[in-house]
Amino acid sequence: MASEVSSEVIVLFIEPFYGGSHKQLIDTLINGVNKVANTSTLLLSLPAKKWHWRARTSALYLSQIIPQRHNFKVLFSSSVLNLTELVALRPDLSHIKKIVYFHENQLVYPTRNHKDRDFQYGYNQILTCLVADVVLFNSKYNQDSFLDSINKFLKLQPDFRPKELKQQIVPKCRVLYFPIEFPTLHASEQSDDGRLHIVWPHRWEHDKDPNTFFRALLALVDAGLDFCVSVLGESFSEIPPVFVEARTQLGNRVANWGHQKTKDDYYKVLRHSHIVVSTAKHEFYGVAMLEATYCGCFPLCPNALVYPELYPSECLYTNEKQLIQMLKTFCVNPALARHMRDNLQMDFKAFSAEHLINEYRRVLS
């Protein structure tokens with residue numbers, strides 16, 4: 001890394017977890033910002049591995065590689081970064097406009113065991129908000145769940161609890177949806193309705209609750225119903241055992257299994273599917289669900305988390321039993337899924353990068 005940068009650089013992007021939706025957001029913003037006259041950017045990032053260590057230690061490493069000589073006007077980072085530590089280590093950054101983006105928040109992030117929750121992650125995010133000038137959330141649900149949980153979260157401290165932090169943070173907050181670069185669609189690419197094609201495009205991790213999803217599919221198998229399934233999304237070093245078990249149990253009903261090589265391959269699967277399902281226990285936005293819905297899938301989502309904010313009531317289910325019943329109905333009549341998707345009242349402009357990029361430019365100016 002060079003010790004200094006060109007005088008043209010004015011926006012510093014930092015992403016300690018440069019992968020998945022975090023990478024997607026940064027790339028979209030940099031592409032949009034670089035099209036503005038007299039504006040340029042510098043990106044400093046770390047690979048999307050070992051999330052917990054990125055949250056714990058990235059500030060120190062980044063403080064060493066950020067150029068000492070610079071004329072940055074704006075710093076933009078996700079909430080993975082401990083912004084408080086970075087500014088303390090690099091006081092020369094304290095005077096510039098600091099923007100933090102929340103893809104999720106650690107105050108309500110689910111853990112499999114209550115004892116597994118590490119207080120420090122949420123505490124660091126609160127400190128980051130106090131140091132930031134602008135705090136962006138990818139949904140109203142994300143913003144409200146964070147702000148409304150601050151006092152309860154701090155009660156975990158045994159004594160000497162700080163007061164009125166929410167009141168300090170609220171004026172900085174704003175909801176700005178994640179900007180998705182939707183693909184160009186062609187009607188001829190959509191699937192026929194001979195056999196229901198279900199897609200599950202999520203990370204292969206416990207917080208997406210794959211157990212519930214596969215139980216629902218096996219209920220369809222037990223009922224003798226015909227369907228096929230594509231299980232997409234990224235997998236990591238620790239894959240929940242249910243994936244191996246389900247792959248065997250579903251047999252020839254599996255159409256696609258695993259992360260697709262290219263984004264075009266991924267979109268092709270979505271365009272040839274009828275139903276996209278979420279069984280998530282944690283979701284603050286859900287890029288994959290919106291992409292699949294845009295590509296022609298009818299979405300089935302829990303009536304919880306961010307979903308009621310983004311999807312009409314006919315897309316929401318309240319429990320596993322209702323999800324199974326809805327899937328059974330679509331198995332019997334796959335054309336119904338296409339019909340319901342075609343009549344779905346959703347304004348995808350509200351989620352598109354083309355529409356949102358000017359709002360981001362204004363924030364970054």
Side-chain angles (χ1 to χ4, degrees), residues 1 12-26 42-67 75-94 96 98-138 142 145-147 149-150 152-158 160-162 165 169 172 203-208 234-240 281-282 284-285:
M1 177 65 64
L12 172 63
F13 286 94
I14 295 177
E15 181 47 71
F17 195 78
Y18 188 57
S21 60
H22 289 232
K23 181 180 185 299
Q24 192 172 336
L25 174 66
I26 293 295
L42 174 67
L43 169 62
L44 297 178
S45 64
L46 297 173
K49 297 179 180 179
K50 302 184 185 301
W51 178 93
H52 297 90
W53 283 107
R54 297 291 185 259
R56 289 184 182 116
T57 66
S58 63
L60 177 56
Y61 175 77
L62 289 163
S63 73
Q64 296 179 329
I65 67 170
I66 294 172
L75 184 158
F76 182 100
S77 176
S78 72
S79 63
V80 175
L81 175 71
N82 187 330
L83 185 60
T84 306
E85 288 184 349
L86 180 65
V87 173
L89 292 163
R90 289 294 303 269
D92 55 298
L93 301 175
S94 62
I96 71 175
K98 295 172 288 297
I99 304 168
V100 61
Y101 192 88
F102 277 71
H103 293 265
E104 44 73 31
N105 81 75
Q106 290 296 311
L107 303 194
V108 296
Y109 199 95
T111 56
R112 280 177 282 168
N113 187 321
H114 178 71
K115 294 180 180 179
D116 291 340
R117 182 177 298 282
D118 190 323
F119 179 83
Q120 198 66 39
Y121 298 129
Y123 183 69
N124 288 351
Q125 288 189 332
I126 293 173
L127 292 179
T128 287
C129 289
L130 293 171
V131 171
D133 299 296
V134 180
V135 182
L136 301 178
F137 291 88
N138 60 354
N142 193 2
S145 65
F146 180 82
L147 294 173
S149 298
I150 290 175
K152 179 181 178 182
F153 181 81
L154 291 174
K155 287 181 180 178
L156 294 172
Q157 288 184 237
F160 299 105
R161 299 169 187 146
L165 298 187
I169 295 171
K172 306 179 181 185
R203 284 183 288 104
W204 291 21
E205 294 188 307
H206 292 283
D207 63 296
K208 300 302 181 183
E234 291 183 277
S235 59
F236 301 93
S237 56
E238 294 185 17
I239 298 175
K281 294 179 180 177
H282 134 252
F284 296 93
Y285 188 71

| query | Which pairs with one or both residues in residues 55-66 pass side-chain hydrogen bond (donor to acceptor under 3.5 Å, both in side chains), sequence neighbours excluded? | reply | Arg56-Tyr121
| request: May I ask you to decide if Glu15's main-chain N or O and Arg54's side chain share a donor-acceptor pair within less than 3.5 Å? | output: no
| Reference residue Lys172; test side chain to side chain contact (heavy atoms under 4.5 Å, CB included); the match among Val134, Val100, Val135 | Val135
| message | Which label fits Phe137 and Phe146: parallel for a plane angle under 30°, tilted from 30 to 60°, or perpendicular past 60°? | response | tilted
| message | Evaluate Ile126 against Ile169 for side-chain contact (heavy atoms from CB on, under 4.5 Å), listing each step before the verdict. | response | CA-CA 8 Å; Ile126 293 173; Ile169 295 171; 4.3 Å; yes
| query | Is it true that the side chains of Asn105 and Ser79 contain a donor and an acceptor less than 3.5 Å apart? | reply | no
| request: Dump the intermediate steps for side-chain contact (heavy atoms from CB on, under 4.5 Å) on Gln106 and Phe153, then the final yes or no. | output: CA-CA 10 Å; Gln106 290 296 311; Phe153 181 81; over 6 Å; no
| said: Contact between Ile26 and Tyr18 at the side-chain level, heavy atoms closer than 4.5 Å - yes or no? | reply: yes
| query | Do Leu86 and Ser77 come close enough that some side-chain heavy atom pair is under 4.5 Å? | reply | no
| said: Quick check for you: to the nearest 0.5 Å, what is the distance between Gln125 atom CD and Phe102 atom CZ? | reply: 4.5 Å
| field | Aromatic ring pairing Phe17/His22, orientation class (parallel under 30°, perpendicular over 60°, tilted between) | value | perpendicular
| said: If we ignore hydrogens and angles and just use 3.5 Å, is the side chain of Ser149 paired with the main-chain N or O of Leu107 as donor and acceptor? | reply: no
| note | Output for pair (Ile65 CD1, Ser45 OG), nearest 0.5 Å, gives 8.0 Å
| Where Leu83 and Thr128 come nearest, the two heavy atoms and their spacing | N-OG1, 3.1 Å
| request: Please round to the nearest 0.5 Å and tell me the distance separating atom CD of Glu205 and atom OG of Ser235. | output: 9.5 Å
| query | Do Ile66 and Ile14 come within less than 4.5 Å of each other through their side chains, counting heavy atoms only? | reply | yes
| request: Give the intermediate values and the outcome of salt bridge (charged side-chain N to carboxylate O under 4.0 Å, His left out) for residues Asp133 and Lys98. | output: CA-CA 5 Å; Asp133 299 296; Lys98 295 172 288 297; 3.5 Å; yes
| task | Tell me, with the steps shown, if Leu12 and Ile96 meet side-chain contact (heavy atoms from CB on, under 4.5 Å). | result | CA-CA 10 Å; Leu12 172 63; Ile96 71 175; 5.6 Å; no
| said: Do Trp53 and Leu46 have side chains that approach each other closer than 4.5 Å (heavy atoms only, starting at C-beta)? | reply: no
| request: Compare every heavy atom of Pro16 with every heavy atom of Ser78, then report the nearest pair and how far apart it is. | output: OG-CD, 4.0 Å
| query | Does any non-hydrogen side-chain atom of His103 lie less than 4.5 Å from one of Leu25? | reply | yes
| task | Run the numbers on Glu238 and His206 for side-chain contact (heavy atoms from CB on, under 4.5 Å), then give the verdict. | result | CA-CA 10 Å; Glu238 294 185 17; His206 292 283; over 6 Å; no
| field | NZ on Lys281 to NZ on Lys208, rounded to 0.5 Å | value | 12.5 Å
